[in-house]
Amino acid sequence: MSGETRPFRQIVLKVHSRCDLACDHCYVYRHEDQSWRGRPVTMSRETFRLAACRIAEHARSHSLSRVHVVFHGGEPLLVGRERLRGFARELRHALDGVSSLDLRMQTNGLRLDEEFCAMLADEGIVTGISLDGDRISHDRHRMTPDGSGSYEDVVRAVRRLGAPEYRRAFGGILCTVDVENDPVAVYRALAELDPPAIDFLLPHATWDRPPRRPRGETDYADWLIAVHERWTADGKPVPIRMFESITRLANGGLSLTEALGLGSSDLLVVETDGAIEQADWLKTVAHGAPETGFHVAHDGFDATAAHPGVRAQRLGLDGLSAQCRACPVAAVCGGGLYGHRFRTPVEVQGPGGFDNPSVYCADLLKLIRHVKAAVGSAVAHGLRPSHFDDLAAGYGGAAAVQELERSQRGLRRVLLAAARRAAPRPSAAWEAIWGLSPAALDAALDNPYVRVWALDVCETKESDPGRPAEIALAAVARTGGSLSLTVPLRDSTLQLPGLGRLVVDGGGRTVTVSAEAGELAVEGSRLGALPGGMLWQPLRYLEADGVRVALEDSDPYRDQYQTEVVPRLSDAAFRSWQDAFSEAWQVIRAEHPRYADGLAAGLRAVTPLVAPPGHVVAETSRHAFGAFGVALPSSTEELALLLIHEFQHVKLGALQDMYDLLGADGGRHTVAWRPDARPLNAVLQGAYAHLAVADVWRRRAVRVGRASDTYDAAWLAEYWCGAVLDAIDTLAGAGEPTGVGERLLAGMRATVQTLGPPSR
């Protein structure tokens with residue numbers, strides 16, 4: 001598609017041209033372009049109707065399935081709640097039957113009261129709020145007209161929009177970088193508000209008006225690197241679009257921000273008077289720089305595509321300066337934000353003034369190199385390339401699985417912190433958790449179902465009052481130290497993760513539990529000498545050939561599967577499980593050694609499930625790395641296959657937590673292993689798991705001596721190889737895999753091809 005006909009997918013509607021703050025770094029009011037002075041204060045209903053019609057016209061002519069519209073200003077909240085509601089409905093009406101609408105808004109938040117939040121949630125207006133960090137950092141620039149700070153009002157707005165009933169309308173926080181501010185303090189202040197995302201923006205500047213650099217030419221890189229290091233150490237608790245965009249672009253994916261990457265400009269602005277303009281950050285360049293001469297009353301958006309300024313931004317790599325084209329990070333940097341390249345030309349006017357590197361060139365180069373080095377040049381987030389490739393092939397030895405486990409432990413730590421913030425009130429138990437030694441905290445985080453509980457707290461804002469105490473006590477008991485807490489009972493039980501369950505008949509609603517030097521006591525009595533009415537049920541382990549896996553039949557958060565979980569097993573039932581597991585492990589170790597080491601390193605718990613008569617059942621929870629549920633089958637070889645198959649899901653789930661593998665949702669698709677059409681992420685999960693199934697059947701075909709069994713195993717191996725290849729083809733086509741995703745699919749495809757049709 002040519003530059004003249006390429007569609008615009010994001011339309012910014014300037015619904016109000018004034019603001020109730022007086023920020024000294026604002027690109028609308030404090031830079032070269034002062035056109036706001038001559039524009040209507042508010043976009044009229046007639047102008048808005050014309051803009052909505054132009055958006056629908058453009059979406060229809062280009063068959064756009066989705067358009068993105070942003071209410072902007074000035075300050076859009078000054079329009080008023082009901083008028084904004086009417087604008088949202090006008091847009092949806094215009095796009096009805098044409099395209100879906102992603103409606104967003106950027107605001108300073110000062111007028112965001114409960115009624116406004118409710119309207120935003122009702123109308124689906126996803127809203128970002130500008131906040132520059134802690135009080136000192138924010139109030140340095142974002143002041144009211146009388147010179148007072150706005151921090152308290154903005155934070156109040158953030159907390160209000162982040163409340164459970166409105167959070168679906170919370171898009172994130174936008175923060176403009178000031179290198180005079182403490183980067184870690186700014187990051188922590190923002191992260192503690194638990195936003196859906198954070199956008200760090202470089203202040204708008206040009207070569208004519210360069211940014212302040214009190215320390216050196218890479219002040220902005222150094223500031224952002226300090227944030228990145230703290231964010232990484234914290235386990236990346238909130239998405240930061242600048243950092244994630246660098247990682248995605250380095251791995252062949254798409255940017256999440258217009259300030260990075262070679263993606264063509266797809267943004268237009270409609271001002272309050274109906275003028276169609278280029279991106280409004282061009283106001284930093286010169287008076288009138290964003291102007292196109294077009295207007296919604298008499299011009300469609302396609303006409304704007306022919307404007308020289310728009311065409312200049314749509315040239316990709318060819319549109320960069322010679323210095324940028326020669327740079328090794330050009331595909332990631334993309335020359336930076338177009339407006340930041342400007343230098344007043346001596347003779348050439350217009351687009352020629354942008355034939356320069358970004359005024360932040362040195363900063364971007366240093367930051368990109370830092371982020372790429374931190375995540376690995378080939379594969380990100382701590383996995384060595386060789387380990388990623390081993391996992392991509394469908395296997396993954398002990399070292400690769402241990403890396404996945406470390407990543408999951410970091411994720412659990414982040415969720416534990418989020419759960420603490422979401423809990424209704426502070427408690428001694430929560431303080432005990434954060435006072436744990438590093439070894440004890442790691443022990444607490446080793447439990448697969450900790451993440452399930454933490455997510456439950458974050459989502460419901462309600463806390464199982466006894467769980468923090470149970471986690472802290474279990475961790476201290478396992479690693480040494482001293483702790484005593486009063487624990488609320490849960491249905492007359494208390495469950496210590498990784499240790500066992502206490503059952504109390506009658507009595508009160510709490511018990512006091514003490515952990516001292518690795519020993520537990522309840523109400524002063526050691527576990528071996530509990531008084532009547534108390535029963536300690538230790539966690540039991542399945543053991544075979546040095547492998548030790550918990551048979552988890554008491555954790556209250558194990559109920560994560562569609563199939564019903566089994567209550568605590570009798571001793572006889574446990575012995576049946578132990579015998580079956582021991583025999584199945586011998587099969588895995590002898591016949592499928594490439595899966596054995598990874599299983600031994602990462603499988604922490606098996607939860608027994610209730611199987612319907614005549615059915616084989618095994619299930620995995622994405623939020624319980626190292627665990628899955630299984631109904632004990634009648635065959636040793638069936639159990640071996642189930643253990644291998646389900647651990648494939650465990651590994652891929654961890655990879656999906658670490659990487660963007662697919663770039664599109666791609667609808668639903670049929671697969672060989674399910675009667676219902678599946679979304680693409682489920683297709684990927686199934687393909688990865690059944691890659692191992694094909695491998696298992698192939699090895700059985702080679703091993704089995706009887707002709708009929710050999711034929712059946714060979715046929716099944718060939719069938720599953722074909723099914724997995726079909727799924728990989730679907731994913732490669734409809735899934736728009738990222739660079740890392742392509743690497744994963746290539747590894748899977750290579751393994752299937754090496755399996756081939758087994759000899760009969």
Side-chain angles (χ1 to χ4, degrees), residues 1-12 27 31-33 58 62 68 201-202 204-211 241-242 245-246 248-250 252-269 276-286 288-294 301-365 367-368 739:
M1 184 178 291
S2 69
E4 285 74 21
T5 58
R6 187 178 300 130
F8 297 98
R9 298 177 184 273
Q10 183 173 183
I11 310 299
V12 175
Y27 66 87
H31 278 266
E32 301 299 323
D33 189 295
H58 193 68
H62 291 278
H68 306 268
L201 300 185
L202 294 171
H204 288 304
T206 67
W207 288 102
D208 295 344
R209 293 180 55 173
R241 291 195 177 102
M242 178 180 286
S245 292
I246 292 172
R248 289 165 66 104
L249 289 162
L254 301 176
S255 179
L256 301 171
T257 170
E258 62 181 335
L260 293 168
L262 292 169
S264 299
S265 173
D266 66 350
L267 180 148
L268 280 183
V269 176
I276 302 172
E277 297 199 341
Q278 302 173 69
D280 56 353
W281 36 255
L282 282 172
K283 294 178 185 295
T284 63
V285 170
E291 293 178 3
T292 66
F294 299 107
F301 293 155
D302 277 357
T304 312
H307 187 276
V310 174
R311 296 177 65 183
Q313 296 180 59
R314 293 186 153 196
L315 295 174
L317 189 64
D318 292 338
L320 302 185
S321 68
Q323 179 180 334
C324 289
R325 292 197 300 272
C327 179
V329 301
V332 178
C333 170
L337 195 69
Y338 186 73
H340 295 171
R341 307 174 200 170
F342 183 78
R343 187 195 308 267
T344 300
V346 176
E347 297 178 355
V348 179
Q349 297 298 316
F354 296 92
D355 190 26
N356 308 289
S358 168
V359 73
Y360 292 104
C361 176
D363 296 290
L364 292 170
L365 179 62
L367 175 65
I368 291 167

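In this text the structure is predicted, and so the values were computed from the model without any measurement. If you read the sequence from its start, that first residue is 1, and numbering goes on from there.
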Distance from D363 atom CG to H340 atom NE2, nearest 0.5 Å?
11.5 Å
Taking all non-hydrogen atoms of both residues, which atom of G309 and which atom of Y338 are closest, and how far apart?
O-OH, 4.5 Å
Give, for atom CZ of F342 and atom CZ of R209, the distance between the pair rounded to the nearest 0.5 Å.
12.0 Å
Do L268 and F301 have side chains that get closer than 4.5 Å, going by heavy atoms?
yes
Euclidean distance, C333 SG relative to L320 CG, rounded to 0.5 Å:
8.0 Å
Heavy-atom closest contact (N356 atom, W207 atom, distance)
CB-NE1, 3.9 Å
Would you mind reporting whether T292 and Q278 have side-chain heavy atoms less than 4.5 Å apart?
yes
With heavy-atom distances below 4.5 Å as the criterion, would you say the side chains of V359 and T206 are in contact?
no
Student check: side-chain heavy atoms of L202 and P211 closer than 4.5 Å:
no
Is any side-chain heavy atom of V310 closer than 4.5 Å to one of F8?
yes
Taking C-beta and beyond as the side chain, do Q323 and C361 meet within less than 4.5 Å on heavy atoms?
yes
Which pair of heavy atoms, one from C324 and one from A330, lies closest together, and at what distance?
O-CB, 3.3 Å
Identify the heavy atoms of G336 and S358 that sit nearest to each other, and give their distance.
CA-CB, 4.4 Å
Any chance you could measure L267, atom CG, to Q313, atom CD, to the nearest 0.5 Å?
9.0 Å
Can you tell me how far apart CD1 (I368) and CE (M242) are? Round to the nearest 0.5 Å.
9.5 Å
Any side-chain heavy atom of L364 sitting closer than 4.5 Å to one from L260?
yes
Main chain of G335, side chain of R341: is a donor-acceptor contact present, judged purely on distance under 3.5 Å?
yes
Provide the closest heavy-atom pair for P210 versus A205 in the form atom of the first, atom of the second, distance.
C-CB, 4.1 Å
V329 and L365 have their tightest heavy-atom pair at CG2-CD1, 3.7 Å
V269 vs I276 side-chain heavy atoms within contact, under 4.5 Å
no
For side chain to side chain contact (heavy atoms under 4.5 Å, CB included), just list the numbers for E258 and L337, CA-CA rounded to whole Å, side-chain angles, deciding distance to a tenth of an Å, and then say yes or no.
CA-CA 7 Å; E258 62 181 335; L337 195 69; 3.9 Å; yes
Can a donor-acceptor pair be found, under 3.5 Å and without considering hydrogens, that links the side chain of D208 to the backbone of R343?
no
